[in-house]
Amino acid sequence: MFTLAHLTTPPPEALNSQVLQMVVDYFSDLSPAPLTPSNPLYPLYQYVIGFEVHLYLQAMGGEEGSGARLILALDDEEPSRVLGFALYLPSADDADACTLAYLAVLASHRRRGIARALLQRMLLLHPHAALACVAGRVPTFEALGFRVLAARGSQVLMNTRDHASDGWVAVQDLAPVFQSKEVRQIHTYLLKQHGQRAMSDAEKQRDRLLDQLARQAEALVGERLAARRLH
């Protein structure tokens, strides 16, 4: 069994590190660019998503009150162990609305109702919830009460209602991360390790993947909206 904890300020380091480890471990499930470990760019994108979540956690409890919120599923037998988490962004000007940024559950504890419980807690506070995911993840979120609204690039936009909220959320700007010294160092290391040709091929592989995901997103949205019109 598990207990839910809702945090509005940065989590203790022991919990923080577990959340970040899950983000890295389940990168391919969470990222809008779900590269496989065989792609030389994989460590770079792993770092970026981990750093993004780090920034969200670090900024929790900001003065504006629009910072990220974290819901943790903690092991009843070992309360310091994180079994899953939901990181979401409440709307600053729509109390009902929020955007789910990331949701993850330990692989060893899936299909036990943890993801559903995390979302239900979030929806108790913010029933008008939005998220974006790749097409392959849509059935999972449909089963949890979300519906398809539209396609945006490689992702499908989903919502608990038939429209998006007009409220705004404070999303992290990742441009400085991609331009950071750390990212440049990782890229330089990967370039030395794999060579220019392999890195160029990796970028082309990434672009093909994103194009494929965009086509899948458009096709899935078309199917869902057509089925909805028939009913």
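Keep in mind that what you see is a predicted model, and the values were worked out from it rather than measured. Keep in mind that the numbers below use all heavy atoms, side chains included, and drop hydrogens, waters and symmetry copies.
- Looking at H6, its side chain never comes within 3.5 Å of a backbone N or O of L70 through a donor-acceptor pair.
- Atom CD of E78 has more than 12 neighbouring heavy atoms from other residues, nucleotides or ligands inside a 6.0 Å radius.
- No donor-acceptor distance shorter than 3.5 angstrom exists from the side chain of Y88 to the backbone of I71, with no hydrogens or angles considered.
- Judged purely by atom type and a 3.5 angstrom limit, R116 uses its side chain to pair as donor or acceptor with the backbone of A143.
- For the pair V134 and P32, the tightest heavy-atom approach, listed with the atom from each and the gap, is CG1-O, 4.4 Å.
- With hydrogens and angles disregarded, no donor-acceptor distance shorter than 3.5 Å links the side chain of S154 to the backbone of L213.
- By the criterion of side-chain heavy atoms lying less than 4.5 angstrom apart, applied directly or through intervening Ile, Leu, Val, Met, Phe, Trp or Tyr residues, V24 is not grouped with Y102; the two fall into different hydrophobic clusters.
- A pairwise comparison of heavy atoms in G84 and M22 identifies CA-CE, 3.9 Å as the closest pair.
- Inter-residue side-chain proximity for P34 and D29 is flagged as unmet; no heavy-atom pair is nearer than 4.5 Å.
- Below 30°, between 30° and 60°, or above 60°: for H54 and F51 the angle between ring planes is between 30° and 60°, a tilted geometry.
- Between A151 and V221, the shortest heavy-atom contact is N-CG2, 3.7 Å.
- One N or O on the side chain of S17 and one on the backbone of A14 form a donor-acceptor pair closer than 3.5 Å.
- A distance-only check finds a donor-acceptor pair linking the side chain of Q18 to the backbone of V82 [under 3.5 Å].
- Rounded to the nearest 0.5 angstrom, Q205 CD and S38 OG are separated by 5.5 Å.
- Note on R161 versus D94: no salt bridge recorded, every NZ/NE/NH1/NH2 to OD/OE distance being 4.0 Å or above.
- Placement of L149 and L123 in two distinct hydrophobic clusters is found when ILVMFWY residues are connected by side-chain heavy-atom separations under 4.5 Å, directly or transitively.
- Between the CD atom of E52 and the OH atom of Y47 there is a distance of 12.5 Å, given to the nearest 0.5 Å.
- A heavy-atom distance below 4.5 Å is not found between the side chains of P40 and Q193.
- The closest side-chain heavy-atom distance from R81 to L106 is below 4.5 Å.
- Taken from CG in L131 to CD in Q155, the straight-line distance is 9.0 Å, to the nearest 0.5 Å.
- Contact of the V23 side chain with the F85 side chain is registered, since non-hydrogen atoms from C-beta on lie closer than 4.5 Å.
- Residues P43 and L190 are in side-chain contact: their nearest non-hydrogen atoms beyond the backbone lie under 4.5 Å apart.
- Of all non-hydrogen atoms in M158 and C133, the two that sit nearest each other are SD-SG, 3.8 Å.
- At least one donor-acceptor pair under 3.5 Å links the side chain of T160 to the backbone N or O of A129.
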task: Decide side chain to side chain contact (heavy atoms under 4.5 Å, CB included) for F27 and L35; before the verdict, give the C-alpha distance in whole Å, the side-chain angles of both, and the deciding distance to 0.1 Å.
output: CA-CA 8 Å; F27 163 81; L35 303 176; 4.2 Å; yes
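- Note: the hydrophobic cluster containing L144 also contains V156 (ILVMFWY, side chain heavy atoms under 4.5 Å, direct or indirect links).
- When the side chains of ILVMFWY residues are joined at heavy-atom separations under 4.5 Å, either directly or via intervening members, L157 and L225 end up in two distinct hydrophobic clusters.
- L44 CG to I49 CD1: the interatomic distance, rounded to the nearest 0.5 Å, is 12.5 Å.
- Across all their heavy atoms, A104 and Y26 have their closest contact at CB-CD1, 4.4 Å.
- L209 and L220 fall within the same hydrophobic cluster, defined by Ile, Leu, Val, Met, Phe, Trp and Tyr side-chain heavy atoms under 4.5 Å apart, directly or through other members.
- In this structure, CG in L210 is found 11.0 Å from CZ in R215, a value given to the nearest 0.5 Å.
- Among R137, R147, R224, the single residue meeting the salt bridge (Lys or Arg N to Asp or Glu O under 4.0 Å) criterion with E142 is R224.
- Contact of the R184 side chain with the K181 side chain is registered, since non-hydrogen atoms from C-beta on lie closer than 4.5 Å.
- Using a 4.5 Å heavy-atom cutoff, the side chains of L7 and L57 are not in contact.
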task: Check the pair R197 / D201 against side chain to side chain contact (heavy atoms under 4.5 Å, CB included), numbers first and verdict last.
output: CA-CA 6 Å; R197 174 89 179 260; D201 288 344; 4.0 Å; yes
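- Side chain of R69 to main chain of M122: no donor-acceptor pair is present (N/O by atom type, distance under 3.5 Å, no hydrogens or angles).
- With a 4.5 Å cut-off on side-chain heavy atoms, Y45 and N39 do not count as touching.
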message: Please evaluate residues Q58 and L55 with respect to the criterion side chain to side chain contact (heavy atoms under 4.5 Å, CB included), reporting the C-alpha separation (whole Å), side-chain torsions for both, the decisive distance (0.1 Å), and the verdict.
response: CA-CA 5 Å; Q58 194 177 50; L55 292 176; 4.0 Å; yes
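- Rounding to the nearest 0.5 Å gives a distance of 8.5 Å between CZ of R112 and CG of L83.
- Nearest approach of N159 to A164, heavy atoms of both residues: ND2-CA, 3.7 Å.
- Formation of a donor-acceptor pair under 3.5 Å by the D96 side chain with backbone atoms of P127 is not found in this model.
- The main-chain N or O of V105 is found under 3.5 Å from a side-chain atom of R110 such that the two form a donor-acceptor pair.
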